[in-house]
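This report refers to the structure that appears directly beneath it.
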Amino acid sequence: MTTLPIRLGVNIDHVATLRNARGGRHPDPLAAAELAVAAGADGITAHLREDRRHIRDDDIAQLRERLTVPLNMEMAAVPEMVEIAERLRPHAACLVPERREERTTEGGLDAAGQQASLAPVVRDLCAAGIVVSLFVAPDPAQIEAAAALGAPAVELHTGTWCDAVVAGDTALAGSELVRIRAAAALARERGLEVHAGHGLDYATAETIAALPEIVELNIGHFLVGEAVSVGLGEAIARMRAAMRRGRAALEAAAGERISR
Ligand code: PXP
């Protein structure tokens with residue numbers, strides 16, 4: 001298999017979290033997005049939550065108007081968000097589950113259990129020319145459901161694996177990585193474009209970048225956190241380097257297989 005390039009989508013939600021903590025205009029998510037692009041982000045991701053806890057309507061509208069790279073709008077599969085997406089036409093929309101009380105997107109979308117309600121949402125967004133991805137757990141039933149729904153892409157939820165790595169739970173980390181690998185292979189087999197995200201840092205992004213099917217990582221919290229110590233541009237440069245190392249390891253392994 002030829003190695004596909006891997007894109008970095010920088011999620012700027014938590015720049016808005018910081019801004020909203022004081023109710024003013026600083027730091028500005030659009031300025032952060034522009035800085036991220038200058039530092040090497042291939043795209044910008046922003047989640048317009050139903051409770052508007054971080055990104056707000058005017059943020060997403062400005063990002064859509066001003067960005068020179070693809071905007072990926074994360075959204076719940078609800079009529080209000082579909083209407084906004086159809087009006088703004090971001091390059092991509094990632095459908096995520098939302099619960100008001102959660103700290104972040106805690107689980108994947110239940111594409112298998114909610115086929116009936118998701119079908120018109122996927123259909124309408126695709127009809128608007130938006131590249132739809134479904135944020136799902138690395139579970140074969142969810143991948144099959146995403147393919148059946150006609151979504152062009154899935155984003156594999158790496159959160160459980162990342163948490164296990166950070167906690168030093170090697171048994172869970174090992175089994176989750178096996179699930180992620182298998183889900184990525186199945187998704188590609190079903191013709192889906194494969195993205196991944198949630199909880200990634202330099203080390204976990206490097207590991208995921210070594211999976212040949214994965215062509216996009218969406219990373220937010222860690223990069224915004226790193227920006228406090230090294231600056232956003234440097235954090236993005238380090239993340240890109242980690243992703244390059246992952247891809248290089250993949251190419252080296254493929255080369256070894258060919259020469260054997
Ligand atoms: N992908 C999706 C679908 C998400 O919901 C999130 C969190 O907003 C991310 C990626 C980024 O996760 P993190 O902020 O942990 O990097």
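Numbering starts at 1 and runs along the sequence shown. Below, each value reflects all heavy atoms present in this structure, side chains not excepted, and no hydrogens, waters or symmetry copies.
Residues V215 and P5 are not in side-chain contact: their nearest non-hydrogen atoms beyond the backbone lie 4.5 Å or more apart. Within the 4.5 Å cutoff, the side chain of L125 has heavy atoms near those of the L95 side chain. Looking at E176 and P138, their side chains come closer than 4.5 Å, going by heavy atoms from C-beta outward. By the 4.5 Å heavy-atom criterion applied to side chains, V165 and T207 are not counted as neighbours. The side-chain heavy atoms of W161 and R179, taken from C-beta on, include no pair separated by under 4.5 Å. The shortest side-chain heavy-atom distance between I214 and R188 does not fall under the 4.5 Å cut-off. Side-chain contact between I60 and M73: present, with at least one pair of heavy atoms (C-beta onward) separated by less than 4.5 Å. Residues V10 and I219 have side chains not in contact (no heavy-atom distance under 4.5 Å, counting atoms from C-beta outward).
A salt bridge between R87 and D57 is absent, with no side-chain N of the basic residue lying under 4.0 Å from a carboxylate O of the acidic one. One finds a salt bridge joining E234 and R238 here, because a Lys/Arg side-chain nitrogen approaches an Asp/Glu carboxylate oxygen to under 4.0 Å. Note on R19 versus D59: salt bridge recorded, some NZ/NE/NH1/NH2 to OD/OE distance being below 4.0 Å. Between R7 and E193, at least one side-chain nitrogen of the basic residue sits less than 4.0 Å from a carboxylate oxygen of the acidic one, meeting the salt-bridge criterion.
Atom CD of E213 is separated from atom CD1 of I208 by 10.5 Å, given to the nearest 0.5 angstrom. For the atom pair CG of L88 and CG of L63, the computed distance is 10.0 Å after rounding to the nearest 0.5 Å. To the nearest 0.5 angstrom, L200 atom CG is 10.0 Å from L8 atom CG. The SG atom of C94 lies 12.5 Å from the CD1 atom of I130; values are rounded to the nearest 0.5 Å. We find the CZ-CD1 distance between R89 and I84 to be 14.5 Å, quoted to the nearest 0.5 Å. Between atom CG of residue N20 and atom NE2 of residue H14 there is a gap of 11.5 Å, rounded to the nearest 0.5 Å.
A donor-acceptor contact shorter than 3.5 Å is absent between the side chain of R64 and the backbone of L71. Judged by distance alone, with hydrogens and angles left aside, the side-chain atoms of T158 form a donor-acceptor pair with the main-chain N or O of G197 at under 3.5 Å. When atom types are taken as modelled, the side chain of R190 and the backbone of I143 share no donor-acceptor pair closer than 3.5 angstrom. Formation of a donor-acceptor pair under 3.5 Å by the D13 side chain with backbone atoms of H47 is found in this model.
A continuous path of ILVMFWY side-chain contacts below 4.5 Å connects V78 to I55, so both sit in one hydrophobic cluster. A chain of hydrophobic side-chain contacts below 4.5 Å, direct or via other Ile, Leu, Val, Met, Phe, Trp or Tyr residues, connects M243 to V37.
Here the shortest heavy-atom pairing between C126 and P152 reads SG-CD, 4.1 Å. The two residues A227 and A235 make their nearest non-hydrogen contact at N-CB, 4.4 Å. Across all their heavy atoms, A41 and V69 have their closest contact at O-CG1, 4.3 Å. Residues L134 and A111 come closest through the heavy atom pair CD1-CB, 4.1 Å. Closest approach of A184 and V194 over heavy atoms only: O-CG2, 3.8 Å. Taking both residues in full, the closest heavy atoms of Y202 and E226 are given as OH-OE1, 2.9 Å, listed atom of the first, atom of the second, then distance.
T45 and N72 form a side-chain donor-acceptor contact under 3.5 Å, judged by distance and modelled atom types alone. At a cut-off of 3.5 Å, with distance as the only test, a side-chain donor of T204 or D201 sits close to an acceptor on the other residue. Checking Q142 against D110 by side-chain atom types alone, a donor-acceptor pair falls below 3.5 Å.
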* Asked: Taking it one step at a time, do L18 and H54 satisfy side-chain contact (heavy atoms from CB on, under 4.5 Å)?
  -> CA-CA 8 Å; L18 201 55; H54 37 57; over 6 Å; no
* To do: Mind running side chain to side chain donor-acceptor pair (under 3.5 Å) on E155 and H195 for me, showing each step along the way?
  => CA-CA 4 Å; E155 179 163 324; H195 308 168; 4.5 Å; no
* Would E80 and R52 count as a salt bridge (charged side-chain N to carboxylate O under 4.0 Å, His left out) if you check the C-alpha gap in whole Å, the side-chain angles of each, and the deciding distance to 0.1 Å? -> CA-CA 12 Å; E80 181 198 13; R52 310 300 199 270; 2.7 Å; yes
* Begin with the C-alpha distance, continue with both residues' side-chain angles, and end with the deciding distance and a verdict on side-chain contact (heavy atoms from CB on, under 4.5 Å) for M75 and V82. => CA-CA 8 Å; M75 55 180 268; V82 173; 3.9 Å; yes
* **Worked verdict on E98 versus R49 for side-chain contact (heavy atoms from CB on, under 4.5 Å)** => CA-CA 8 Å; E98 254 183 53; R49 292 185 68 103; 4.0 Å; yes
* To do: Take E74 and V96 through the test side-chain contact (heavy atoms from CB on, under 4.5 Å) and record every step on the way to the result.
  => CA-CA 7 Å; E74 279 185 30; V96 300; 4.0 Å; yes
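Ring planes of H157 and F135: parallel class, angle under 30° (limits at 30 and 60°).
Other residues, nucleotides and ligands contribute more than 12 heavy atoms inside 6.0 Å of the CZ atom of R123.
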